[in-house]
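Structure record follows, encoded as structure tokens.
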Amino acid sequence: MTEGKTRNERKITARDMARRDLKVLDPIGPDELFPLPPPYDKAEEQPGWKELSEKAKANAVCTLDGIATTKLPSPRTPEEEKKYVDQFLEGLKKLLSRENNWEFLQPLTLSLEYCVGCQTCADACHVFMATDRRKEIYRPTYRSDVFRKLVKKYVKPGGQLLAPFTGADVELNWDTITRLYELAYRCHLCRRCAQTCPMGVDNGLIAHEIRKLFSQELGWAPRELHEKGTVLQLEVGSSTGMNPMVLKDNVEFIDEDMQDVTGFSADSPFDKEGAELLLIHNAGEILAWPENPGAFAIILNAAGMDWTLSSHEVGYDGVNYGLFYDDVQLARVAMTHVQIAKKLGVKKIVMGECGHQHKAMMAVADRILGSDAIPRESALTLLEEIVFSGKIEFDPSKNDFPVTLHDPCNIVRNLGIVEPQRRILRYLCPQYREMTPHGVHNYCCGGGSGFAVMSPFNFTDWRINVGSRVKFKQILDAFADQPGPEVKKYLCAPCSNCKGQLRDLLQYYGALERSGITYGGLVELIVNAMVDIKEPFIHWEIR
Amino acid sequence: MFASALLLLSYVLLGIFLLAFVIRSVRLARLPVHLRWELAPVPHEKGKSHYGGSYLEEVNWWTRPRHKDHAAEAIYMLKEIVFLKALFEHNRKLWRLSFPFHFGLYLLVVAGGLVVIGGLASVVGVEMAGWGVLEGGLRLLAGVGYALGMLGALGLLFVRLTDDGMRNSTAPVTYINLLVLLAMFVTGLWTVLAVAGFTGHVMGFAGGLLRASVPTDLPGMVVAHLVFALLFLAYLPFTQMMHFVAKYFTYHKVRWDDEPVTAGSKLDLELKKLLNQPVTWAGPHVRADGKKTWVDIATDLERPQEDEE
């Protein structure tokens, strides 16, 4: 066996996915990434990449690029391998059937059959860009082509016969399916590629469907998204593991703390029947960024809103990782959210600052929940209404520091909620500036599609160095007029998963110390600008 | 004998084209409605589409009337079809080759349409006023169409062979399709230039198809080119070149389909049927048995039961 050769030595093609003579198909390392601007341009000053131990290598399949996301089974015999390959093939057929995949059959079929290989998408993908457009396996069409070729060869009538004509030259074996599994987790599903495709082909959707096949047929999915994600959420109430009792304790503590700091009432009502709105946070906020739910409580109370939180299992965690890998789990979580809201008799469900919760509840699950489901709306629109209602007095000079906005893909590109958050920032932040590009053309933070919560094996190195590279450069460019640490700057990211990723990114590079950049949500800036708060609400730290 | 054979062959090839075209289009149209997967910007969002906004930006959006700008959607699509807007904006280098290629095809489609109208006019006995001008115009239209198509096809072949990314994702059949098109453009241009009265011959052939009697005096080059063009037409619905139909669905039925479910709507009824289909996924957490429906599966939480109060 040989190690996979690096760039310029050979060009990786789709058929290489099946190669068994390569331990690693196309290894990734820091030397293959475009250089960051100063002071982050010296590779020797950056944290090194984690070297996997032999034990870890034995547990993970690192044959794609040397990175692993999931502990996969370890078949010991060719027969065992064949069993998994057969399961994959069975799943492939189900994915293309009306009965098992009506949810996405039409867009999937269109994306599989009508890509013309024009490579317009290649210039839109931040992962491919991170490698200076050199890493073939990260080219958005590479994954899709491999999958397309498998469909053509093994599912379409006469596929084997027509293979030389259709170019379906990928063999199906254990290495192919495990590499394809990992490759489905090198795409953030941000859909920037789809936005530029002249044909309307969606490589992000294909990655999503590959993940779904593995989960719904073979039971393969990253532990953080499945066992510690949707399964834990449905069993205990939250993917954080927080049960209703712990939740109430935490929120009570946050409320008291916020009241002390701001002098405003931060009481969060629980299970108030018939309330106007049920606010569902990403439960990660309560544990990792308590100032966010605290700020929400201050704003909603100050504006006199009739609102409630739920203490019912699942009802206090808007997370829905099913969106990223499994339609069944997506439906189970979304239906539970709506049932809880119905039981409370609220008039609407408001999504907290969580991007994928927005997309799951407001769009993707809409056609599962039924026509009698409680309506769902974004907190960003509600906050805009409150800020401009005159119910709260603001002093924008309190936010007189450089602020830029990260657009969460799931709220902006995927739902078209673009302006409410901007109108707030333009009003409350005198030094607000946009990133380039921004709005619906933004770049993913690098934590999209669940990556922000995934840190197994050496995956953190990949998601920070590769996944977030373009975003980090964008952030630095947005503050390029005042690059030094002496000027404190705020990166506003109204999405929990984005915040998780940006926290890891800024910590990794020491961006607070070296560039004065911290991050946080939108509500924190709103509260910070309130005339009557006692102390500054923004803290120049990274946590 | 030859004219009859040509007539029969033409009918068969046109029949294959029509049948395959309809079947493939209907197959796409009849795929089940899917979960929402819209992508901003959505051009029918009145007053918001220029920055990518949607109706979800409104507080209590479900209580507000929706104002869809269908004209904006049509204009967007027209720009996309005629000028290849997305390619122009995101891949200018390729647009320089793809635009002449497609525009050449459009000119040929227009010329073909005029030929059919001319043929129809001759069948019903309508005298064509200004025939000389029309003939000259049609000849120019076809000539320019073939020339642009030829240049575009040559350029696309070149770029697919030389660009690493494109070469890697180009199947052999794509080269074949491009070569077939190139051959059609070259023979077409040659025929237009070499055969005097080209337009009249082609219009005569179209009229002959409509009255089931093609002229017997068609020059060999014209016959060869017409047969080649008809063969291409019959082949087209079996290829990826049907993307001009698929684009309707990728844009209108996926990217821009942001319709929420409302009680009693056609969408609501269709979804209820789909949700009641049995599921056979084998993943252990799915807990499907081939009988449980999608709804059964989605509501099967397997959580500890709450105590009865």
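Side chains included, hydrogens not; waters and symmetry mates left out as well; all remaining heavy atoms used.
Proximity to chain A is limited to the side chain of B:Y251, based on heavy atoms less than 4.5 angstrom apart. For B:L156, no part lies under 4.5 angstrom from a heavy atom of chain A. Within the 4.5 angstrom heavy-atom criterion, atoms from both the backbone and the side chain of B:D257 approach chain A. Looking at A:T109, the atoms closer than 4.5 Å to chain B (heavy atoms on both sides) all sit in the side chain, from C-beta outward. Within the 4.5 angstrom heavy-atom criterion, atoms from both the backbone and the side chain of B:P260 approach chain A. Neither the backbone nor the side chain of B:K48 has a heavy atom closer than 4.5 Å to any heavy atom of chain A. Heavy-atom distances place no part of A:L162 under 4.5 Å from chain B, backbone and side chain included. For chain A, the nearby parts of B:R30 are the backbone and the side chain; heavy atoms of each come within less than 4.5 Å. For B:V42, no part lies under 4.5 angstrom from a heavy atom of chain A. For chain A, the nearby parts of B:V286 are the backbone and the side chain; heavy atoms of each come within less than 4.5 Å. Interface remark: B:T174 contributes no atoms to any contact with chain A (heavy atom separation under 4.5 Å). For a residue to count as touching a neighbouring chain, one of its non-hydrogen atoms must lie under 4.5 Å from one of that chain's; by this rule B:E38 touches chain A with backbone and side chain alike. For B:L87, the parts sitting under 4.5 Å from any heavy atom of chain A are the backbone and the side chain alike. Contacts between B:M241 and chain A at a heavy-atom distance below 4.5 Å are absent for every atom of the residue. The part of B:R160 that comes within reach of chain A is its side chain, from C-beta onward, which places non-hydrogen atoms under 4.5 angstrom from that chain. Residue contact with chain A, scored on non-hydrogen atoms closer than 4.5 Å, involves the side chain of B:L267 exclusively.
Side-chain atoms of B:W281 and A:D327, non-hydrogen and from C-beta on, never get closer than 4.5 Å to each other. Counting heavy atoms from C-beta on, the side chains of A:Y114 and B:K247 never come closer than 4.5 Å. When side chains are defined from C-beta on, A:V364 does not count as touching B:R36, because their heavy atoms never get closer than 4.5 Å. Within the 4.5 Å cutoff, side-chain heavy atoms of A:R367 are placed close to those of B:V33. The shortest side-chain heavy-atom distance between A:E419 and B:Y51 falls under the 4.5 Å cut-off. Side-chain contact between B:R255 and A:C197 is present, with heavy atoms from C-beta onward closer than 4.5 Å. Within the 4.5 Å cutoff, side-chain heavy atoms of B:H285 are placed close to those of A:S215.
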Salt bridge (Lys or Arg N to Asp or Glu O under 4.0 Å) evaluation trace for A:E113 with B:R24:
CA-CA 12 Å; A:E113 292 185 3; B:R24 199 147 177 214; 3.7 Å; yes
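Although no hydrogens or angles enter the test, the distance criterion places no donor-acceptor pair under 3.5 Å between the side chain of A:T120 and the main chain of B:N91. Of the possible polar contacts, one joining the B:Q240 side chain to the A:C115 backbone as a donor-acceptor pair under 3.5 Å is found. Although no hydrogens or angles enter the test, the distance criterion places a donor-acceptor pair under 3.5 Å between the side chain of A:R332 and the main chain of B:D300. In terms of modelled atom types and a separation under 3.5 Å, the side chain of A:E103 and the main chain of B:L35 share no donor-acceptor contact. With hydrogens and angles ignored, the 3.5 Å screen pairs no side-chain donor or acceptor of A:R413 with any backbone N or O of B:L39.
Between B:V261 and the options A:I368, A:D372, A:D366, a side-chain contact (heavy atoms from CB on, under 4.5 Å) holds for only A:D366.
In terms of heavy-atom pairs under 4.5 Å with chain B, the best-connected choice from A:R148, A:M362, A:R133, A:K149 is A:M362. Among A:H226, A:Q216, A:H441, the residue making the largest number of heavy-atom pairs under 4.5 Å with chain B is A:Q216. Each of A:M335, A:K348, A:H358, A:E90 has some count of heavy-atom pairs under 4.5 Å with chain B, and the biggest count is that of A:K348. Ranked by non-hydrogen atom pairs under 4.5 Å with chain A, the options B:P41, B:S98, B:G52, B:S49 are led by B:G52. Most heavy-atom pairs under 4.5 Å with chain B, from the set A:R139, A:K94, A:Q119: that is A:K94. In terms of non-hydrogen atom pairs under 4.5 Å with chain B, the most contact-rich of A:A331, A:A194, A:G439 is A:A194. For the options B:K272, B:E45, B:K253, B:E259, heavy-atom pairs under 4.5 Å to chain A are most numerous at B:E259.
Residue B:F244 qualifies as enclosed at atom CZ: its count of foreign heavy atoms under 6.0 Å is above 12.
With sequence neighbours excluded, the residues forming a ring-ring contact (aromatic ring centres under 6.0 Å, His included) with B:F99 are B:W95, B:F103, listed by chain and number. Considering only residues two or more places apart in sequence or on other chains, A:N203 meets the side-chain hydrogen bond (donor to acceptor under 3.5 Å, both in side chains) condition with A:S144. Residues satisfying the side chain to side chain contact (heavy atoms under 4.5 Å, CB included) test with A:P164, not counting sequence neighbours, are none.
The stretch residues 55-70 of chain B places B:L56, B:E57, B:E58, B:V59, B:N60, B:W61, B:W62 near chain A, each with some heavy atom under 4.5 Å from a heavy atom of that chain.
A donor atom on one side chain and an acceptor atom on the other are not found under 3.5 Å apart for A:E99 and B:T280. Looking at A:T13 and B:N168, their side chains never bring a donor and an acceptor atom within 3.5 Å of each other.
The cationic group of A:K359 lies under 6.0 Å from the six-membered ring centre of B:W37 and within 45° of the ring axis, placing it in a cation-pi geometry.
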